[in-house]
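All residue numbers in this chain count up from 1 along the given sequence.
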Amino acid sequence: LPAGIAGSVATLLHDAVMNPAEVVKQRLQMFNSPYSSVLGCVRTVHRTEGLGAFYRSYTTQLTMNVPFQAIHFITYELLQEHLNPQRLYNPGSHIVAGAVAGAVAAAATTPLDVVKTLLNTQENTALSSLNIRGHLSGMVNAFSTVYQLGGLPGFFKGVQARVIYQMPSTAIAWSVYEFFKYFLTKHTLEKRP
């Protein structure tokens, strides 16, 4: 229970800081982005859309991170049961299990990532094609808009890129975590009389 509470609080704080950064990153990455710098983007978005623009997708981000982490950890643990049942330090099993866990979690949460991206970018082409004026807000409106624009396949746009991005990231994270767990445990045991 304490680990769950700590994880939840960490996610709330992490996303509170990272959500505005994600908004700026995604707007700079948009095709024909009107922004030429990070600071210029922050100033323009704040002036034209207000502070709330940086947090339009906060709820979606939290909604995505909780299942992502749950799927990620469960998949990793299940794979470790099969690949490394003795739970020894085994870099190969940590890398494979980490990569697969990241891939599964990324694929499963792609629809939420698509919705988050639409909320963050307020992509004019998409919104104007549906005659949406102003700014799109809320998960329900964003889900509806994605469905209107692309049907069910629209929720999985970019799934391959998301999986390819997450696989090395989670493989590296798990292998580093397992290495330090092994190293620190071994070092502590060697120091005991």
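Looking at every heavy atom in both residues, L112 comes nearest to P67 through CD1-CG, 4.4 Å. In this structure, M167 and A103 approach most closely via the heavy-atom pair CG-CB, 3.5 Å. Between L12 and Y58, the closest heavy-atom pair is O-OH, 2.8 Å. Summarising the geometry of A142 relative to V115, their closest heavy-atom pair is CB-CG1, 3.4 Å, with the distance given to 0.1 Å. When all heavy atoms of A99 and T170 are compared, the closest pair comes out as CA-OG1, 4.0 Å. The shortest non-hydrogen separation linking A101 to L79 is N-CD1, 4.4 Å.
If you take CD on Q69 and CD1 on I74, they are separated by 11.0 Å, rounding to the nearest 0.5 Å. Rounded to the nearest 0.5 angstrom, Q160 CD and T110 OG1 are separated by 9.0 Å.
Linking ILVMFWY side-chain heavy atoms closer than 4.5 Å, directly or via other members, places Y89 and V176 in a single hydrophobic cluster. One hydrophobic cluster, built from ILVMFWY side chains closer than 4.5 Å, cannot hold both I71 and V66; they sit in different ones. Both V96 and V104 are assigned to one and the same hydrophobic cluster, defined by single-linkage of ILVMFWY side chains at heavy-atom distances under 4.5 Å. A chain of hydrophobic side-chain contacts below 4.5 Å, direct or via other Ile, Leu, Val, Met, Phe, Trp or Tyr residues, connects L51 to L62.
Between V146 and L118, some side-chain heavy-atom pair lies under the 4.5 Å cut-off. When side chains are defined from C-beta on, V45 counts as touching F54, because their heavy atoms get closer than 4.5 Å. Taking the side chain as every heavy atom from C-beta outward, Y35 and V24 never approach each other to under 4.5 Å. Under the 4.5 Å side-chain criterion, counting only non-hydrogen atoms from C-beta, Y55 is not in contact with D15.
When atom types are taken as modelled, the side chain of S33 and the backbone of Q29 share no donor-acceptor pair closer than 3.5 angstrom. For R27 (side chain) and C41 (main-chain N/O), no donor-acceptor pair under 3.5 Å exists by modelled atom type. Listed for the D113 side chain is no donor-acceptor partner under 3.5 Å among the backbone atoms of T117. Panel note: side chain T60, backbone M139; no donor-acceptor pair is recorded below 3.5 Å. A donor-acceptor pair under 3.5 Å links the side-chain atoms of Q80 to the main chain of S93, judged by distance alone. Under the 3.5 Å distance criterion, the side-chain polar atoms of S169 are left unmatched by any main-chain donor or acceptor of Y165. Proximity of a side-chain donor or acceptor of N120 to a complementary backbone N or O of Q26 within less than 3.5 Å is not detected. Looking at Y182, its side chain never comes within 3.5 Å of a backbone N or O of Y177 through a donor-acceptor pair. One N or O on the side chain of R162 and one on the backbone of A106 form a donor-acceptor pair closer than 3.5 Å.
The residues E49 and R43 are annotated as not salt-bridged, no charged nitrogen and carboxylate oxygen being separated by less than 4.0 angstrom. Between E77 and R87 a salt bridge is recorded (basic side-chain N to carboxylate O distance below 4.0 Å).
Side-chain rings of F179 and H94 stay apart, their centers remaining 6.0 Å or farther from each other.
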Anything under 3.5 Å between a donor and an acceptor, one on a side chain of residues 147-157, the other on a protein residue two or more places apart or in another chain? List them.
| from | atom 1 | to | atom 2 | distance (Å) |
| --- | --- | --- | --- | --- |
| Q148 | NE2 | S144 | OG | 3.0 |

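Aromatic ring orientation, W174 versus Y76: parallel (interplanar angle below 30°, classes split at 30° and 60°).
Heavy atoms of other residues, nucleotides or ligands lying less than 6.0 angstrom from NZ of K25 number more than 12.
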Next on the checklist: Under the criterion side chain to side chain contact (heavy atoms under 4.5 Å, CB included), I'd like the reasoning laid out for L13 against V17: C-alpha separation, chi angles, the key distance, then a yes or no.
Outcome noted: CA-CA 6 Å; L13 295 174; V17 172; 6.0 Å; no
